[in-house]
**Q** 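So that we are looking at the same thing, I have put the structure below in structure tokens.
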Amino acid sequence: MEKEVNNMNSPQSILIIYTGGTIGMMKNPETGILDPFNFNQIEDQVPELKKLGHKISAIQFDPPLDSSNISSDVWVQLAVIIKDNFDFYHGFVILHGTDTMAFTASALSFMLEGLSKPVILTGSQLPISDLRTDGKDNLITSIEIAAAEKGGLPIVPEVCVYFENSLFRGNRTTKNSAENFNAFKSFNYPALAQTGIHIKYNFQAIHYPDKDEKLKIHTRLNKNIAILKIFPGMRENYVDAIINIDNLRGLIIETFGNGNAPNYDWFVSRIEKVIQKGVIVLNVTQCNSGHVEMGKYSTSKDLKRAGVLSGFDITVEAAIAKLMYLLGGEYSYSEIVAHMNLSLRGEISLADIH
Ligand code: ASP
């Protein structure tokens with residue numbers, strides 16, 4: 001469904017894509033469960049939208065989704081909507097549940113190559129109908145950021161997450177709190193903007209595309225990946241169950257500290273065998289901040305020798321998205337390895353690590 005919210009004589013046109021999430025939910029008086037409602041009701045709750053002076057249009061998912069139900073097919077739908085509407089809007093705001101917002105933001109960052117306009121994901125911890133909602137400010141400020149220009153060009157031409165006073169690069173975010181209004185963190189990269197009385201942009205941290213870059217979308221994602229989260233006491237059959245998944249093409253090992261894992265023979269030899277079968281194996285730390293440094297301790301040296309790739313300071317969310325994107329493309333094994341060692345969309349901080 002597409003509809004126009006207002007049509008003021010303003011130069012900035014913004015497309016809101018409402019996928020669902022708490023921001024648009026209302027408590028069912030009979031069951032007490034939060035159910036999604038439609039965009040018209042969001043609009044009724046935020047009369048300020050009409051005062052912003054921007055031309056705002058909306059596309060609504062029908063039915064709106066709790067973000068736990070957002071699959072990679074929805075990422076493809078979002079990328080296609082943005083591509084189809086790209087020339088008609090100054091910026092895009094995606095309303096999305098917080099639970100998987102960091103995954104969607106990460107995926108879109110890889111799928112939208114050569115992006116030159118803002119794509120801002122936001123949502124809220126309390127429904128927009130709630131008196132204490134954080135949704136109003138998140139929505140209004142996201143629209144302002146999506147519309148912001150300097151010298152005729154968008155200030156933040158990136159896929160971002162805006163939440164509670166902070167604008168982050170989307171593929172650096174993690175949902176960090178199921179309780180606080182500042183639910184998201186970007187542990188390894190500074191905020192792109194902080195909002196208070198003013199919106200203060202951190203221009204040095206924002207990526208600007210080359211002038212002649214054109215948007216190109218990638219919609220082929222390979223879902224044959226798995227995560228092996230290690231823990232003290234894990235058994236061989238736990239590891240076997242994961243590494244023997246049919247058609248496995250990519251494996252993220254969620255390791256301790258700087259990328260350490262047990263160096264028992266049974267563990268290392270299994271990882272070696274997976275790599276020999278042509279699976280891309282990536283080492284991502286379980287820590288929120290800091291990065292993988294394979295070879296610093298003997299408990300990571302063997303992984304490096306076996307051919308495990310460093311995830312550097314990538315988040316698990318971005319690692320999943322990057323693997324799906326690269327494995328979905330027409331790349332050879334060695335090209336994928338080379339790309340995993342590069343920052344493709346600002347998802348890793350190589351300059352700080354080397
Ligand atoms: N379960 C909700 C969702 O992710 C939570 C939220 O939006 O905050 O859709």
Side-chain angles (χ1 to χ4, degrees), residues 72 75-76 79 103 106-115 171-172 188 207 209-210 213-214 216-228 230 239-240 242-255 258-261 263 267-285 291-297 299-354:
S72 55
W75 299 343
V76 172
F103 292 88
S106 297
L108 289 178
S109 75
F110 293 106
M111 295 167 81
L112 303 174
E113 187 179 347
L115 184 67
N171 61 28
R172 293 298 194 133
N188 287 323
H207 171 77
D210 292 339
E213 267 192 85
K214 288 259 172 301
K216 181 174 175 206
I217 64 165
H218 301 273
T219 52
R220 283 180 48 186
L221 301 170
N222 190 325
K223 296 183 272 188
N224 291 311
I225 63 169
I227 298 181
L228 171 61
I230 63 167
V239 175
D240 285 338
I242 292 172
I243 63 177
N244 291 319
I245 289 171
D246 281 354
N247 298 322
L248 188 67
R249 296 284 319 280
L251 177 71
I252 294 164
I253 312 182
E254 262 199 77
T255 54
N258 287 121
N260 305 313
N263 51 4
F267 183 75
V268 177
S269 63
R270 276 170 170 78
I271 301 301
E272 246 162 12
K273 271 196 204 117
V274 174
I275 294 171
Q276 279 156 14
K277 281 200 288 187
V279 175
I280 301 280
V281 182
L282 187 68
N283 184 341
V284 177
T285 174
H291 60 90
V292 165
E293 237 179 304
M294 284 196 294
K296 182 173 177 188
Y297 294 91
T299 44
S300 62
K301 200 171 62 359
D302 291 341
L303 295 184
K304 189 175 183 181
R305 191 186 36 76
V308 174
L309 304 173
S310 174
F312 304 99
D313 61 347
I314 200 165
T315 61
V316 172
E317 294 88 335
I320 289 171
K322 190 171 181 177
L323 275 176
M324 282 194 189
Y325 157 68
L326 287 175
L327 290 166
E330 280 162 14
Y331 297 109
S332 66
Y333 183 87
S334 57
E335 283 170 333
I336 296 175
V337 170
H339 281 90
M340 288 311 298
N341 286 319
L342 294 174
S343 175
L344 303 180
R345 307 281 191 270
E347 73 282 3
I348 47 180
S349 327
L350 290 174
D352 299 341
I353 291 170
H354 290 311

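Residue numbers count from 1 along this sequence.
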**Q** Tell me every residue that passes salt bridge (charged side-chain N to carboxylate O under 4.0 Å, His left out) with Glu317, counting only those two or more places apart in sequence or in another chain.
**A** none

**Q** Report the C-alpha distance between Tyr325 and His218 in whole Å, list the side-chain angles of each, state the deciding distance to 0.1 Å, and finish with yes or no for ring-ring contact (aromatic ring centres under 6.0 Å, His included).
**A** CA-CA 8 Å; Tyr325 157 68; His218 301 273; 5.1 Å; yes

**Q** Within this structure, what is the CD1-CD1 distance for the pair Ile252 and Ile227, rounded to the nearest 0.5 Å?
**A** 4.5 Å

**Q** Quick check against the 3.5 Å criterion: does Glu113 have a side-chain atom that pairs as donor or acceptor with the backbone of Phe110?
**A** no

**Q** Looking only at heavy atoms, which two atoms of Gly114 and Glu213 are closest? And how far apart?
**A** CA-OE1, 3.2 Å

**Q** So which heavy atom on Ile348 is nearest to which on Ser343, and how close?
**A** O-OG, 3.3 Å

**Q** If you apply the rule side chain to side chain contact (heavy atoms under 4.5 Å, CB included), what do you find for Ile253 with Val281, and how did you get there?
**A** CA-CA 7 Å; Ile253 312 182; Val281 182; 3.6 Å; yes

**Q** Mind checking what makes ring pair (Phe, Tyr, Trp, His ring centres under 6.0 Å) contact with Tyr331, not counting sequence neighbours?
**A** His339

**Q** Closest heavy-atom contact between Asn283 and Gly259?
**A** ND2-O, 2.9 Å

**Q** Can a donor-acceptor pair be found, under 3.5 Å and without considering hydrogens, that links the side chain of Ser72 to the backbone of Trp75?
**A** no

**Q** Just checking Phe267: does its CZ atom have more than 12 heavy atoms from other residues, nucleotides or ligands closer to it than 6.0 angstrom?
**A** yes

**Q** Nearest 0.5 Å please: distance from the OG1 atom of Thr315 over to the CZ atom of Phe103.
**A** 8.0 Å

**Q** Could you pull out all residues at least two apart from Tyr333 that satisfy side chain to side chain contact (heavy atoms under 4.5 Å, CB included)?
**A** Ile275, Ile280, Val337

**Q** Check for a donor-acceptor pair, side chain of Asn188 on one end and backbone N or O of Asp313 on the other, with a separation under 3.5 Å.
**A** yes

**Q** Could you measure the distance from the CD atom of Glu293 to the CG atom of Asn260? Nearest 0.5 Å is fine.
**A** 9.5 Å

**Q** Testing the basics here: between Thr219 and Ile217, what is the closest heavy-atom pair and its distance to 0.1 Å?
**A** CG2-CD1, 3.8 Å

**Q** Taking salt bridge (charged side-chain N to carboxylate O under 4.0 Å, His left out) as the definition, give me every residue that meets it alongside Arg249, ordered by chain and number, with sequence neighbours left out.
**A** none

**Q** A side-chain contact here means heavy atoms from C-beta on lying under 4.5 Å apart; do Arg270 and Ile243 qualify?
**A** yes

**Q** Locate the shortest heavy-atom distance separating Ala226 from Ile245; write the atom from each residue and the value.
**A** CB-CD1, 3.9 Å

**Q** From Leu342 CG over to Arg345 CZ, what is the distance, rounded to the nearest 0.5 angstrom?
**A** 11.5 Å

**Q** State, without any angle test, whether Asn171 and Ser106 hold a side-chain donor-acceptor pair at a distance under 3.5 Å.
**A** no

**Q** Would Arg172 and Ser349 count as having a side-chain donor-acceptor pair, cut-off 3.5 Å?
**A** yes

**Q** I'd like to know if the side chain of Arg220 reaches the main chain of Gly329, judged simply by a donor and an acceptor atom lying under 3.5 Å from each other, with no hydrogens or angles considered.
**A** no

**Q** Checking Lys301 now: which residues fulfil side chain to side chain donor-acceptor pair (under 3.5 Å) with it, not counting sequence neighbours?
**A** none

**Q** The test is side chain to side chain contact (heavy atoms under 4.5 Å, CB included); show your working for Val292 and Asn258 and say whether it passes.
**A** CA-CA 4 Å; Val292 165; Asn258 287 121; over 6 Å; no

**Q** Take Thr285 and Glu254 through the side chain to side chain contact (heavy atoms under 4.5 Å, CB included) test and state the conclusion after the steps.
**A** CA-CA 5 Å; Thr285 174; Glu254 262 199 77; over 6 Å; no

**Q** Going from CD1 on Ile314 to CG on Leu323, what distance comes out if it is rounded to the nearest 0.5 angstrom?
**A** 8.0 Å

**Q** Report the C-alpha separation of Leu248 and Lys277 in whole Å, then their side-chain angles, then the decisive distance to 0.1 Å, and conclude whether the side chain to side chain contact (heavy atoms under 4.5 Å, CB included) test is met.
**A** CA-CA 9 Å; Leu248 188 67; Lys277 281 200 288 187; over 6 Å; no

**Q** Just how far is it from atom CG of Asn224 to atom CG of Leu327, taken to the nearest 0.5 Å?
**A** 8.5 Å

**Q** Just distance, no hydrogens or angles: give the donor-acceptor pairs under 3.5 Å from side chains in residues 303-311, sequence neighbours left out.
**A**
{"residue": "Arg305", "atom": "NH1", "partner": "Glu272", "partner atom": "OE2", "Å": "3.1"}
{"residue": "Ser310", "atom": "OG", "partner": "Phe312", "partner atom": "N", "Å": "2.9"}

